[in-house]
Each structure stands twice: as structure tokens, then as C-alpha cells.
**Student:** 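Here it is: the structure, laid out below.
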2 protein chains.
Amino acid sequence: MAVYVSMMRTRSQDVTEILRGWILDGTVPAGERLEEVPLAERLGVSRTPLRAALTLLATERLLDYQPKRGYVVRRFGADDVFAAYEVRASIEGLACRLAATNGVPDDVAATLRACLAEGDRILSGGALAPGDLQPYQAMNERFHDAIISLSGNPWVERFVRQTHAIPFVSGRVILWHDYGVIRRSHDDHHRILAALVARDPARAEDLMREHVYFAGLFLRDNFDRVQAKPGEEPARSDPQEERPR
Amino acid sequence: MAVYVSMMRTRSQDVTEILRGWILDGTVPAGERLEEVPLAERLGVSRTPLRAALTLLATERLLDYQPKRGYVVRRFGADDVFAAYEVRASIEGLACRLAATNGVPDDVAATLRACLAEGDRILSGGALAPGDLQPYQAMNERFHDAIISLSGNPWVERFVRQTHAIPFVSGRVILWHDYGVIRRSHDDHHRILAALVARDPARAEDLMREHVYFAGLFLRDNFDRVQAKPGEEPARSDPQEERPR
DNA sequence: GGGTCCGAACTTGGATACATGATGCCGCCA
DNA sequence: TGGCGGCATCATGTATCCAAGTTCGGACCC
């Protein structure tokens with residue numbers, strides 16, 4: 001007996017995704033007040049589903065909310081973003097440790113090795129071509145997502161996903177100008193997989209923590225650079241958070 | 001010109017808190033379907049604020065939601081709860097490390113020392129009196145909250161708060177039957193504060209991680225005990241549980 | 001002239017009415 | 001008798017309407 005999962009999509013969900021996208025890619029600038037009626041008209045829906053979306057995004061802390069005073073797009077500074085990376089480093093480190101403890105099934109190992117191979121190919125030229133940014137981002141996200149799934153801890157997955165829903169913390173934003181940094185980062189990937197298959201939880205955790213933490217450091221020190229070019233944001237792969245894996 | 005912070009409380013917020021309480025303390029049993037109209041009548045409000053509360057609790061993952069099929073109180077098993085403790089241990093460990101790095105202001109140190117003193121007093125008798133559970137819980141929460149605030153990392157605060165909003169993970173639930181375990185746990189508190197004032201980040205992190213992690217282990221191994229506590233018969237394994245609706 | 005008080009317009013919160021998809025019963029047919 | 005299909009019922013999703021709080025401007029008072 002098959003269990004049917006409703007494919008139904010409500011307007012609220014659609015509106016939520018659209019709005020989240022607008023916030024993350026800067027279409028709606030930080031600090032802007034979101035008034036219900038104009039927004040609803042702009043989105044072509046009534047206030048009801050829009051309000052559901054707003055409450056949801058407020059619980060995700062993408063919006064600030066005060067009763068009777070409405071919603072404001074939250075402003076994220078370099079310190080906020082770095083703080084998020086600290087947390088992400090900690091949780092993904094945990095994920096990596098758990099994954100090493102649990103072991104890596106063959107099919108996942110194959111996926112991870114494919115990620116490594118693709119990264120090697122992209123970086124083999126010795127320089128960063130702009131057109132390679134998007135595939136590298138996608139590869140990077142696949143790699144990290146696979147490890148998070150391996151942790152087998154649903155809360156890890158949930159929290160990491162929440163950190164990804166913070167502007168500039170998402171794996172979609174990668175500073176693509178320093179070959180050496182990217183090279184090193186991908187080298188981390190190699191060592192992380194090695195630690196995973198060797199069932200070395202402590203090493204796997206340490207590597208992942210530093211891997212993510214350094215990304216946060218680097219982003220903080222180059223924060224003006226990434227803020228300046230929101231046009232660099234390429235087509236996001238669908239940000240819907242509910243996607244089961 | 002004074003800046004007024006609206007003290008306004010909306011019905012949605014009230015309903016959210018009430019419902020969250022009902023879920024956390026078992027008034028609404030896990031697995032139960034929450035129908036909007038009956039619930040709204042029971043709460044004395046219309047469907048609108050209730051629906052806002054439901055969407056919020058669903059984003060907190062306290063409820064499962066499927067479009068057109070409504071909300072169901074999520075069921076948390078021992079493994080879910082333990083997994084939450086793993087994450088909480090990691091994040092509170094981070095919080096403790098950051099707090100040790102930042103240093104402890106005198107007023108906070110005084111608060112923490114007061115917590116230690118109260119715990120010492122409660123435990124001085126050499127046994128656990130039922131009437132002492134509530135003050136000990138409150139003290140425990142104050143202690144942990146103070147350290148989390150010291151971290152200065154807003155995301156840490158947010159995520160830890162989220163783990164506290166999981167049934168059985170909340171600091172409100174403490175197994176109060178084994179004097180030795182509580183005694184040791186409070187001894188951890190002493191050492192943690194010592195590490196904080198000594199500005200020893202590594203030791204502070206390790207202590208807090210183990211402190212929380214062991215609480216998770218202990219809770220998992222005594223899970224039936226805490227589940228039976230709300231006065232309900234332990235959730236009988238319901239063979240029809242899988243039936244969608 | 002500046003500050004305060006008042007009120008009107010606007011915005012958000014809540015209630016109700018209507019639309020739409022899910023569920024389950026019942027009868028029909030093989 | 002058992003399975004399948006259609007229709008009735010009901011719960012949820014959305015729109016609209018009403019209530020209540022906030023904001024802002026202007027007039028009045030000091």
C-alpha cells in the first residue's frame with residue numbers, strides 16, 4: 001500500500017519561497033519595511049497567505065517583527081555572519097564526527113568521490129574561471145549535504161539548514177577570486193573524506209570545523225567584497241527547505 | 001525622546017505560548033491531530049490567530065504539517081531526544097568556549113556564584129527532596145542561560161533556545177531520583193565556572209560538552225521513567241500509528 | 001516659537017464568509 | 001462478496017470585512 005504524500009502547494013508556501021529569495025538575493029534591501037497591502041498586490045495574492053509567509057520568515061529571524069508595527073527586513077553585518085559561521089562550524093564538525101562514527105556506505109562514498117573529482121577537474125587549470133563558480137558551488141553544496149545526511153541526526157540537518165538561510169552564510173556564496181584559498185578548501189575536502197572512510201571521528205571533526213571556520217574568517221575579512229556584488233548571485237538551486245533527502 | 005517598545009501582546013502570541021506549553025507538558029499527546037475549529041473553540045479565539053500559532057510551531061518542528069491535511073503533534077522518541085542533546089552539547093560547548101574567551105564580568109560572575117551556592121545548599125542534605133526539584137531546575141536554567149548570554153553570539157542563543165523547545169530536552173525536565181548523578185552534575189557547574197574565570201576556553205568547552213552530553217545519555221537510558229511522569233500511561237505502541245490520518 | 005495634545009488616516013490583528021481539495025461512505029457492478 | 005467509482009461531507013486555504021493600535025500632522029497652549 002503506497003503512502004501518498006500530498007503534492008499540494010499552497011499560496012502561502014509559494015509566497016514564502018519567493019519572499020525568502022528576495023531577501024537572500026537583496027531584491028528587498030535590508031532595513032526595508034514590508035507593508036502587507038502593497039506586498040500582497042505586488043505578489044498577486046491576498047493578505048492572508050502573505051501574512052502566513054511573514055510570520056514564518058520572522059520565526060526564521062530573516063525579518064524583525066513587532067506587533068502592530070509590522071515587519072522589517074533584518075540587517076546582517078559582518079559580525080552576525082561570522083557568528084553564524086562559528087555555530088555552523090561547530091555543528092558541521094559534529095555532523096562529520098557522527099558520520100565517521102557511523103561509517104560511509106558505498107553509494108555515498110561514490111557520490112563524495114565524484115564531488116572530489118569534479119572539484120579537481122575545475123581547479124586543474126591553476127586559475128579560477130568565472131564560469132566555473134556555479135558548478136563548484138553546486139559541488140560544494142552536494143559534498144556538505146551528503147555528510148550532513150550521513151550524520152543521521154535530524155537536528156544537525158535542521159540547524160545547518162537554518163544557518164544556510166542566513167544571507168552570505170549559504171553555501172551558495174563563495175568568494176571566487178583567490179585560487180589558493182579555494183585550492184586549500186578543496187584539499188580539506190579530500191582529507192575529510194579520507195578521515196570519514198578511515199572511521200576517524202576526531203580527525204574528521206577537527207578538519208570540518210576548521211574548514212568551515214576558516215571560510216567564515218575569510219568571508220568576514222572580505223565582507224565588503226561580497227556585499228558589493230549581489231549581482232554575482234547566480235541562479236540559486238531551489239531553496240525550499242522541506243526537501244527530504 | 002523615549003523609544004517605546006510596544007508591550008502589545010497579540011492573541012497569536014498568547015495562543016502560541018499556550019499551545020507550546022500544552023505540547024511540552026503533554027496536555028496534548030504526541031501523535032494527536034490538531035483540528036482548527038475545535039482547538040479554536042477550546043482556546044476561545046477564532047481560527048486566524050490559531051493558524052498563526054500553528055504555522056509557527058510547525059516551523060519549530062513541534063508539529064508536523066501537510067497541506068490540506070492539517071497539523072499533528074510530533075512524536076519524539078528516545079533517539080530524537082538524544083540526538084537533540086548531541087547538538088545541544090556541541091553548541092553549549094561552543095558558548096562556553098566563547099564565554100571563556102570573552103571573560104566574565106563581575107556581575108555575571110556573582111550571579112553564577114549565587115547559582116552554585118544555591119545548588120550546594122539544596123544538595124547539602126545528602127538526598128533529593130521532591131520539593132527541591134523546582135528550585136534546582138530554576139537554578140540550573142539560570143546558570144546555563146547566563147553562560148549562553150556570555151557567549152555574545154546571537155545564533156548560539158537562538159539555537160540553544162530551540163533545543164530547549166523540544167519535549168524532554170527543556171531544562172524543565174530533570175531526572176530527580178539519583179543523588180549521585182545530580183551531585184556530579186552540580187560539581188560540573190563548579191568546574192565550569194572555574195574554567196570560565198580562569199579564561200581557559202578549551203577546558204570550559206570540554207567540561208560543558210560532557211556535562212550536557214552525559215545528561216542526554218542519562219535521559220536516554222531512563223527515558224521510560226520520564227515519559228511515564230506526566231501521569232499518562234506510557235505511550236503504548238500503537239499498531240495503527242502509521243496510518244496517515 | 002516650541003512642545004504637547006488630539007484626531008484622522010493608515011496599518012495591522014482578528015473574525016467571518018467563501019473556495020477547494022481530502023476523506024469516507026454507499027451503491028453498483030463484476 | 002469484494003473492489004471500484006462517484007458523491008456528500010468536512011477540514012483546510014484564501015479572501016474580505018471589521019476592530020483596534022500606531023503614526024503623523026496640525027492646532028492650541030504655554
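What you see is a predicted model; the values in this text were computed from it and never measured. Lettering of chains follows the sequences in order, A, B, ..., and the numbering in each one begins at 1.
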**Student:** From CD of B/Q13 over to P of C/dT12, roughly how many Å is that when rounded to an integer?
**Tutor:** 15 Å
**Student:** Whole angstrom is fine here: how far is it from CD in A/E36 over to C1' in C/dG14?
**Tutor:**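 Whole-Å distance recorded here is 12 Å.
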**Student:** How is A/L34 classified with respect to the nucleic acid when contacts are heavy atoms under 4.0 Å: base, sugar-phosphate, or nothing?
**Tutor:** sugar-phosphate
**Student:** For the base of C/dT20, is there a side-chain donor-acceptor partner from B/K68 under 3.5 Å away?
**Tutor:**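 Check passes, donor-acceptor contact within cut-off.
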**Student:** Please state how far atom CZ in B/R33 lies from atom C1' in C/dT23, giving the value in whole angstrom units.
**Tutor:** 10 Å
**Student:** Over how many whole Å does the gap from A/R69 atom CZ to D/dA20 atom C1' extend?
**Tutor:**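 Atom-to-atom, A/R69 to D/dA20, this comes out as 15 Å.
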**Student:** When the ring planes of B/H211 and B/H144 are compared, do they come out parallel, tilted or perpendicular, using 30° and 60° as the limits?
**Tutor:**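 Parallel.
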**Student:** Which whole-number value in Å describes the distance from A/L63 CG to C/dT12 P?
**Tutor:**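 That distance rounds to 13 Å.
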**Student:** Does C/dG13 have OP1 or OP2 under 4.0 Å away from a side-chain N or O of A/Y65?
**Tutor:** yes
**Student:** Does B/A95 offer a backbone N or O that forms a donor-acceptor pair with the side chain of B/R97 under 3.5 Å?
**Tutor:**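 Between the backbone of B/A95 and the side chain of B/R97 there is no qualifying donor-acceptor contact (under 3.5 Å).
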**Student:** In this structure, how many angstroms lie between the P atom of C/dC18 and the CZ atom of A/R11, rounded?
**Tutor:**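 Those two atoms, CZ and P, are 18 Å apart.
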**Student:** A/A138: which residues meet the side chain to side chain contact (heavy atoms under 4.5 Å, CB included) condition with it, sequence neighbours left out?
**Tutor:** A/R142
**Student:** Hey, can you pull the residues of residues 39-50 of chain B with a non-hydrogen atom under 4.0 angstrom from DNA chain C?
**Tutor:** B/S46, B/R47, B/T48, B/P49
**Student:** Indicate the ring-plane relationship of B/F143 and B/H189, choosing parallel, tilted or perpendicular according to the 30° and 60° boundaries.
**Tutor:** parallel
**Student:** Could you check which of D/dG21, C/dT11, D/dT14 has an atom nearest any side-chain atom of B/M8?
**Tutor:** D/dG21
**Student:** Distance check needed: C/dG13 P versus B/L56 CG, whole Å only.
**Tutor:** 13 Å
**Student:** Distance-only, no hydrogens or angles: does the B/W155 side chain make a donor-acceptor pair with backbone N or O of A/D80 under 3.5 Å?
**Tutor:**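 Indeed, once roles are kept as given, a pair shorter than 3.5 Å links the two residues.
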**Student:** For A/E86, which residues count as a side chain to side chain donor-acceptor pair (under 3.5 Å) partner, sequence neighbours excluded?
**Tutor:**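 For A/E86 the side chain to side chain donor-acceptor pair (under 3.5 Å) partners, ignoring immediate neighbours, are B/N153.
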**Student:** I need the CD-P distance between A/Q66 and D/dT22, as an integer number of Å.
**Tutor:**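 Going from CD in A/Q66 over to P in D/dT22 covers 10 Å.
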**Student:** Classify B/Y71 by what it touches in the nucleic acid, base, sugar-phosphate, or nothing, heavy-atom distance under 4.0 Å.
**Tutor:** nothing
**Student:** Main chain of A/R9, side chain of A/D14: is a donor-acceptor contact present, judged purely on distance under 3.5 Å?
**Tutor:** no
**Student:** Is B/R51 touching bases, backbone alone, or none of the nucleic acid, heavy atoms closer than 4.0 Å?
**Tutor:** base
